Each structure stands twice: as structure tokens, then as C-alpha cells.
A.B. asks: 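Mind looking over this structure? Questions follow.
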Amino acid sequence: MTESKSGALAGFGRQILDGLDVMVVVVGLEGGVLEVNRAVERATGLARGALLGRRVWEVVEELSRNPPQARSGADFAAMTYPWYREHEIRGADGSLRTIRWCTDAVRDEAGAVLFYVATGEDVTEARAARAALEEQLRLQQTLIDTIPAPIFYKGTDGRYLGCNEAFLQMLGKRREEIVGRTTAATSPSALASEYDARDRALFENPGVQRYEWQVRWADGSVRDVLFSKATWTTGEGAVQGLVGVILDITERKRSEQALEARVRERTAELAAAKEAAESADRAKSEFLNIASHELRTPLTALRVALQRGRREIEDGRPVSGELLARMERYLGRLVRLASDLLEASRLERGQLLIHPAPVQLERLLTSVVEDYAALAPGRAIDLALGDSPAVVLGDADRLAQTFANLLDNALKYAPPEAPIEIAAERAAGGVQICVSDRGPGIPPEGEPQLFTRFFRLPASTHLPGLGLGLNIAREIVELHGGTLRYEARPGGGSRFLVWLPTGDQAMAR
């Protein structure tokens, strides 16, 4: 090759070196600087002529805070190439610059080292940017760790990129057991498959995804949670992954369920109240119809009897005893109806008073039976009393009214030829009185309403009465601390059982 061509090639090589943005230093076998490019001059502020021929470790000691690794040709020869190192140098403008060097050996065909080439890249801004990014990431991690709700984020490959402390506590795992792994490594297989399917659906339709789920916490508790996830993208819109937040809504769900239960309960209460009100209206209307009928019948009969008696007097004839007895029956019936209405009104207002005193039960029952024997001649009423007469603490008039109502009820429903039986016997710290008849009895569907006010069996609407007798009887018995109940009579008919405390036992109310 001619000298002119060789010079041209050398000049061309220098142009290439000087056109590079990275610094290039060519070092001889003994460590001397053979060549540098303009990037070195710009970075160091030293001219090429001031660098050529100098030992490279001297230049490093002059410009760098890092001590040189090689200080002789032997040291250079002993190095493993390529090798990398960063130096912080004072730049031409006086600022400290971080240079990342890569040094390699240039060899001939036989493998012998001809010289060394070191290329240096100014990474000052890159390191500062990386440090700033790392600081920002630490800040972001600190921020999400302070959030009590579990947070996680994944890449499009389904692997966790990170999470917060609450997420670790939820799973009871360390960060290294989660980051870089898939849900298959952190959750049971069936649950992991469900999570992955939902993640894929979100990646296929980027945006926001919300759904409720149940998750077992590391402490074993099962919590109702709301998953809220969203995809995140590059500036160009390419999906990079997803971010998920898990909200514990267990207490909210419990409150909602309690509220729903209360609403259902309140709705049922309102429906029951409405039904009760409508039932009360129906009962009121029915009662008015019954009361008007029951009052009109004896009043009409009494008026007819009085008119007949008046005609007999005007004709100069004496009023017959039969007519007077009929008037008395009609009047007694009116008195009983008025009495039942008055007692029901007092019970409703809580004004039915009891005046307790020792009562000889045998004497009281005998008196009631004798009264009804006179009112219903020809009807058989059998009274059976125990050997020792019982004494109860109560109001004699009210108790007589109770047994009179029960006896009247039995006489009303039993066939005329069938006897009414009244029996008393000691029972459980008191005395039990049973009034039984051989009438049709009470059908099962009627038993729950038997002691309610104005209740009458459909088959008894032709019989006199307001449907108050049994209700008044039970209220009086309970005011005495006793009980009144019904049971079917073996062989047909009804039995009403009254239990009253005896001796010096105090009344319950």
C-alpha cells in the first residue's frame, strides 16, 4: 500500500473515531495512551496532544476519584477481557461525570494482544434518572403500603409485579413468594383458574372490572370482598398489565343483610298489622251485626209481651204468670248481653278490678248450678265435688260470672237431653274445675280463636250470644293467677278446664 493511501486510511479512521459520541481511548501494551477521540477531549477538557504517550493510570488518577485497577503492562495483561468499570471524573465544565468504561483487548490472528481499546459512555444523566426513578418507586411503594386495602399489580403474562403490605398480610406470605409468580403459586388451583379467567377477560376488554367474591384470609376467616381492577397502558395505548384493589365489604354485607332482614320483618309486621286491622274491622262489623241482632230479638219479644200484658190490663184481666216469666227471661237476656259488653269494655281498658277474699269453691259452684237449674228447668246439671272443700283467694262475683259463662255455653250447645257435668278436684297446688258437655265440640280449625273476642263458630250463628263469654271467662281466670283451657271430650263434646291456686298462694296478677 502506498504511503498516500495509508495516510488517507489513517485520516478516515480518525474521522470515524471523532464522529463517535462515546469516548475512545487506545492503550498500548505498556499502558501508554496511543490514541483518543474528540469525545475524550470534550469530556475531560484535555487536548489530544496532552494525553498521547501518557500512562493511562496517571490520567485516571488525575481525573478520577476511583483508584486505577491496572498500574503496569503486566496488570493489563493479567485482566480478563472485556472488563467493565465506572469512574467518576471531573469534566471540562468542572462538573462530576460518571463514565462507564468497557475495555477489550485487540489481538492478531495468533491471539497475541496488539493493544487495548477502552470505550467510555457518560451515564451521569442516566444514573440520576435511575436514582430518581428508584426514589419514586420507593415513595410509591411506601404510599401503597400505608393503604389498608390489599393492592396488587400484574403483567400481561399473569405474573405479579408487586403488591402492598396489606396484600401480603391477607395471604400470609412474604413479598418474594409473590412477586414474579402467578396466581397458581399463591392460591388454590380452582381459585387461581377463576382469577386467571377474569384477568384474561379484562385484558381482552381493557378498562375497569369489578366483582364481588369471598376470600379466605391467612387467619382462616372468610371475608366478603369487592375486587376492583383496571388495566394500565403505555403512552401509545398498549396494555402492560393490571392493577387490583381488594375491599373488605364483610361488615357492609352483614349490615345490608341485617337491613334486608329488618325490612322483611317490618314488611311482615306491617302486613300482619294491616291484616289485624282489617280483621278488626271485619270483627267490628260482624259484632255490630250480631249485637244488633242479639239485642233486637229479646227487645222485640219483650215489647210484644208488654203489649200483650197491656191489653190484658186494659181488658180488666190479670197479667198471667207465664207472661211475666217470659218478660223476665227476655229482660235477663238483655241484662246478660249488656253485662258482657260492659265487661269486655272494662277488660280492653284494663279496668276490670278484682277484690280478692277467701272463697269456698263448693258453695260458689253449688250456687251457680242452682241458679241455672231455676233458669233452665228440665236440664240435667251434675255437680261432683271433692272430699275436702277447696278455698281459693279470689273475687266471688267474678268467679261466679266465669262459671256461669262456661255453664251457659255448655247448655247452649249441648242437646237438651244430654247432661252437663261439673267436677272439681285437687291438682298441682290448686284446684281444677272441669265443665264438660256432649255437644258437637270445637273443630280443630276453630280452637286457636276460641277465646278471642266476638269469635263464634259458623255453625252457631243461629244461637244467641255475642262471642264474648269465653274471652271474659279466661281473662277473669288469668286475673286470679289461674288458667283456662279447652280440650275435646272423649266420646264427643267439649271440656273446659279451669285451674285456680288454693290456700294462701298469691294471685299472679
Side-chain angles (χ1 to χ4, degrees), residues 147-152 166-167 169-171 187-188 190-195 197-199 201-202 205 207-230 244-290 344-345 347-350 352 442-458 466-468 470-475 477-479 483-488 508-509:
I147 297 174
I151 298 175
F152 62 91
F167 189 78
Q169 293 175 3
M170 180 188 80
L171 296 181
S187 302
L191 193 57
S193 298
E194 181 66 28
Y195 288 156
R198 291 179 180 270
D199 289 348
L202 180 58
N205 298 278
V208 176
Q209 182 188 79
R210 291 189 178 91
Y211 57 91
E212 291 186 10
W213 202 255
Q214 282 193 324
V215 174
R216 184 177 297 278
W217 249 240
D219 61 6
S221 62
V222 177
R223 315 293 291 178
D224 291 300
V225 301
L226 172 65
F227 276 89
S228 182
K229 300 188 292 187
V245 180
I246 303 174
L247 297 179
D248 187 343
I249 58 173
T250 306
E251 296 306 321
R252 191 191 80 183
K253 295 283 286 187
R254 289 176 181 170
S255 299
E256 289 175 351
Q257 292 168 358
L259 180 59
E260 290 173 359
R262 180 55 184 155
V263 168
R264 289 193 298 270
E265 180 182 339
R266 184 57 179 158
T267 301
E269 290 174 354
L270 291 174
K274 180 181 178 181
E275 175 59 28
E278 292 174 350
S279 177
D281 285 341
R282 291 192 297 270
K284 179 180 178 182
S285 298
E286 184 179 353
F287 163 71
L288 290 175
N289 291 333
I290 294 171
S345 177
L347 284 169
E348 187 174 12
R349 298 194 305 269
L352 186 64
I442 308 297
E445 64 272 14
E447 291 186 24
Q449 304 178 67
L450 187 58
F451 294 98
T452 58
R453 287 188 301 165
F454 312 127
F455 174 71
R456 304 183 77 199
L457 293 171
L466 296 173
L468 292 171
L470 292 178
N471 175 261
I472 294 172
R474 171 176 272 190
E475 291 288 343
V477 170
E478 290 181 351
L479 285 171
T483 60
L484 170 58
R485 60 188 177 87
Y486 163 83
E487 65 180 28
R509 292 164 63 184

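None of these values were measured; they are calculated from a predicted model. The analysis underlying the following values was restricted to heavy atoms, covering all of them including side chains, and did not include hydrogens, waters or symmetry mates.
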A.B. asks: What is the distance from atom CD of Glu275 to atom CG of Leu270, rounded to the nearest 0.5 Å?
C.D. replies: 13.5 Å

A.B. asks: Could you state the interatomic distance from OG (Ser228) to CD1 (Ile151), rounded to the nearest 0.5 Å?
C.D. replies: 10.5 Å

A.B. asks: Can you name the closest pair of heavy atoms from Ala166 and Pro148 and give their distance?
C.D. replies: CB-O, 3.2 Å

A.B. asks: For Trp217 versus Pro150, what's the shortest heavy-atom pair and its separation?
C.D. replies: CZ2-CG, 4.4 Å

A.B. asks: Considering only heavy atoms from C-beta outward, does the side chain of Ile246 approach that of Trp213 to under 4.5 Å?
C.D. replies: no

A.B. asks: Just how far is it from atom CG of Leu226 to atom NZ of Lys253, taken to the nearest 0.5 Å?
C.D. replies: 10.0 Å

A.B. asks: Measure the spacing between CD of Glu251 and CZ of Arg254 and express it to the nearest 0.5 Å.
C.D. replies: 5.0 Å

A.B. asks: Around atom CZ of Arg262, are there more than 12 heavy atoms of other residues, nucleotides or ligands at under 6.0 Å?
C.D. replies: yes

A.B. asks: Tyr486: which residues meet the ring pair (Phe, Tyr, Trp, His ring centres under 6.0 Å) condition with it, sequence neighbours left out?
C.D. replies: Phe496

A.B. asks: Please report the shortest heavy-atom distance between Ala201 and Gln209, naming the atom on each side.
C.D. replies: CB-NE2, 4.3 Å

A.B. asks: Considering non-hydrogen atoms only, spot the tightest contact between Gly207 and Leu202 and give its length.
C.D. replies: O-CD1, 3.7 Å

A.B. asks: What I want to find out is whether Arg252 reaches Asp224 closely enough, with some N-O distance under 4.0 Å, to be called a salt bridge.
C.D. replies: no

A.B. asks: Got a donor-acceptor contact below 3.5 angstrom from the Arg223 side chain to the Thr250 backbone?
C.D. replies: no

A.B. asks: Can you list the steps and then say if Lys229 with Asp199 is a side chain to side chain contact (heavy atoms under 4.5 Å, CB included)?
C.D. replies: CA-CA 9 Å; Lys229 300 188 292 187; Asp199 289 348; 2.6 Å; yes

A.B. asks: Applying side-chain contact (heavy atoms from CB on, under 4.5 Å) between Val215 and each of Val225, Val222, Leu191, report the one that passes.
C.D. replies: Val225

A.B. asks: Does the Lys NZ or Arg CZ of Arg198 fall within the cation-pi geometry relative to Tyr211 - under 6.0 Å from the ring centre and within 45° of the axis?
C.D. replies: yes

A.B. asks: Quick one: pull up CD in Glu256 and CD in Glu260 and give me the separation to the nearest 0.5 Å.
C.D. replies: 6.5 Å

